[in-house]
Amino acid sequence: MALINDHFLKLKAGYLFPEIGRRVSQFCEANPDANVIKLGIGDVTEPLPTAITEAMHSALNEMSQHETFRGYGPEQGYDFLRSAIARNDYRDRGIDIADDEIFVSDGSKCDTGNILDVFGLDNKVAVTDPVYPVYVDTNVMAGRTGEADDDGRYEGLVYIPVTEENGFKPALPSEPVDLIYLCYPNNPTGTVASKETLKEWVDYAKKNDSIILYDAAYEAFITEEDIPRSIYEIEGAKDVAIEFRSFSKNAGFTGTRCAFTVVPKTLKGKTSSGELTEIHPIWNRRHCTKFNGVSYIIQRGAEAVYSDEGKKQIAELIQFYLTNAQLLREGLESVGITVYGGVNAPYVWLKTPGGSTSWDFFDQLLEKGHLVGTPGSGFGASGEGYFRLSAFNSRENVIEAVKRFQNVVS
Ligand code: MLT
């Protein structure tokens, strides 16, 4: 009899978003006439900018001719895209990242999970709490944790609370940890980390020989001048951090799929016999073995994100969602709700009114307002009593959602 990976059986509930989907489908079946507005999963609603679709059309035409047809591309991504990323997102901003330190992929969710392949099972892992559930679940699947307790916290992981009480600033761990996940702008709280905060983490990582797994998928939503857009803005971070970026939220690629991971060549880990070794060739080996690259057509579309026209259109798209976030923030605050995020991020993080639990508030909003959000407790025990609304929706739906929300809580 084939044995399964028992670690999967430790996973507490279904993955958060399918679980929300299940509850919403159940509600819709029972209430077929309800016009449900979904501000749950952070999925974009606006079409791809024309600069991108034009580039994709033209790449598709190339694929239809013998002379320009392409089969397998380089697993790490085509040079034209790696170079556009390294230049625009890093070197033009004074950060020294080489083209071949960029690995193009089909998503940051996949990359943040897949990166674990290159790390040993005995690493001590720290996550903030609340946290993007993928970081935790992929470590459980890999066997890096014990069982979950009643609050859903897994034995063996170090949880760092980020709540109203500590101003959403993660405290440095009191015990040494080897791998640290940080996500800024933060999913789910929508808060950001200052240069000083990131410097403390980089210094911690240097001192403790740890590696920071830095998820910057929402970087494009930063509006405040002094907030770092990349961890590599912090001196020394190239020696201790891997950065994950995505075209999903800034350019509308959630369905199209394209992202990238930066693995600096100066980043080192230790072998079990104690020798220092570079992570870059190991990740390259893993990537080439398990991945065949993103389609040429999609990579040409991603390249167009960096054209003059693409940059302009993307800035408008981001502004559109940020205005939605502002409407949500202001609409909720006007009825006395305490709200965080939504300024440098497409997520608004609110305290549930009347101290109700996150899932009770989820049910209340769905039943009375036909509105869907994400229960904070789904992101971790410290998210209990909070709730997340996504600003990814049409303007019309956001305006209507604010009215319904106000009716439910007043
Ligand atoms: C979210 O809603 O947290 C995100 O859409 C999830 C993701 O990007 O995978």
Side-chain angles (χ1 to χ4, degrees), residues 11 13-24 36-46 105-116 127-139 141 152 162 168 181-192 213-221 243-261 294 302 317-318 321-322 324-325 328 340-342 344-350 358-359 362 365-366 371-380 382-383 386-393 397-398 401:
L11 290 165
Y15 181 59
L16 176 63
F17 295 107
E19 173 60 20
I20 291 172
R22 197 186 58 74
R23 290 188 187 213
V24 174
V36 174
I37 298 180
K38 296 178 183 167
L39 303 177
I41 189 163
D43 192 6
V44 295
T45 54
E46 302 310 297
S105 76
D106 61 348
S108 288
K109 175 177 175 175
C110 325
D111 284 350
T112 54
N114 290 335
I115 198 73
L116 293 177
V127 292
T128 58
D129 178 13
V131 71
Y132 181 43
V134 172
Y135 313 152
V136 171
D137 289 3
T138 51
N139 274 288
M141 291 171 184
V162 278
F168 298 95
Y181 290 86
L182 293 178
C183 171
Y184 287 108
N186 186 252
N187 180 13
T189 65
T191 57
V192 285
L213 302 173
Y214 193 75
D215 186 348
Y218 299 94
E219 158 275 338
F221 292 84
E243 181 162 289
F244 304 92
R245 294 263 195 119
S246 172
F247 295 103
S248 282
K249 313 292 161 103
N250 62 342
F253 276 57
T254 53
T256 312
R257 311 307 307 152
C258 197
F260 61 92
T261 289
V294 173
L317 196 56
I318 292 163
Y321 291 126
L322 281 172
N324 282 351
L328 287 170
Y340 299 95
N344 298 293
Y347 295 125
V348 166
W349 186 244
L350 57 112
S358 302
W359 277 109
F362 174 90
L365 262 192
L366 182 58
L371 278 182
V372 179
T374 309
S377 55
F379 296 101
S382 296
Y386 292 88
F387 200 78
R388 194 192 77 174
L389 293 178
S390 153
F392 292 114
N393 217 310
N397 275 352
V398 166

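Note that ligands are numbered from 1 as they come in the structure, with each ligand's atoms numbered from 1 the same way.
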**OP:** Have a look at ligand 1 and work out which part of Ile41, if any, has a heavy atom under 4.0 Å from it: side chain, backbone, both or neither.
**Re:**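 The answer is both, backbone and side chain.
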**OP:** Please indicate whether any nitrogen or oxygen in Asp43 is less than 3.5 Å from any nitrogen or oxygen in ligand 1.
**Re:**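 The answer is no, given that Asp43 and ligand 1 share no N or O pair closer than 3.5 Å.
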Original post:
Looking only at N/O atoms, are Gly42 and ligand 1 under 3.5 Å apart anywhere?
Top reply: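 Right, the criterion is met.
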Original post:
Taking atom types as modelled and ignoring hydrogens, do the side chains of Arg388 and Asn187 form a donor-acceptor contact shorter than 3.5 angstrom?
Top reply: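 Judged by distance alone, the side chains do pair up.
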**OP:** Compute whether any side-chain donor of one residue and acceptor of the other, for Tyr340 and Asn186, lie under 3.5 angstrom apart.
**Re:**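 There is no such pair (donor and acceptor under 3.5 Å, judged by atom type) between the side chains of Tyr340 and Asn186.
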Under 4.0 Å from any heavy atom of [X], which atoms of ligand 1 are there?
X      : answer
Asn187 : 1 (C), 3 (O)
Tyr132 : 6 (C), 7 (C), 8 (O), 9 (O)
Lys249 : 4 (C), 5 (O), 7 (C), 8 (O)
Tyr347 : 1 (C), 2 (O), 3 (O), 4 (C), 5 (O)

**OP:** Compare every heavy atom of Ala302 with every heavy atom of Phe247, then report the nearest pair and how far apart it is.
**Re:**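 Distance-wise, the nearest heavy atoms are CE1-CB, 3.9 Å.
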**OP:** Start with the C-alpha gap between Asp215 and Thr112, add the side-chain angles, then the distance that decides, and say whether side chain to side chain donor-acceptor pair (under 3.5 Å) holds.
**Re:** CA-CA 8 Å; Asp215 186 348; Thr112 54; 5.3 Å; no
**OP:** Mind checking side-chain hydrogen bond (donor to acceptor under 3.5 Å, both in side chains) for Tyr347 and listing every partner two or more places apart, or none if nothing turns up?
**Re:**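 side-chain hydrogen bond (donor to acceptor under 3.5 Å, both in side chains) list for Tyr347, sorted by chain: Tyr218.
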**OP:** Look only at the side chain of Asn393 and the backbone of Lys38, and say whether a donor-acceptor pair between them is shorter than 3.5 Å.
**Re:**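 Yes, because the side chain of Asn393 sits within donor-acceptor range (under 3.5 Å) of the backbone of Lys38.
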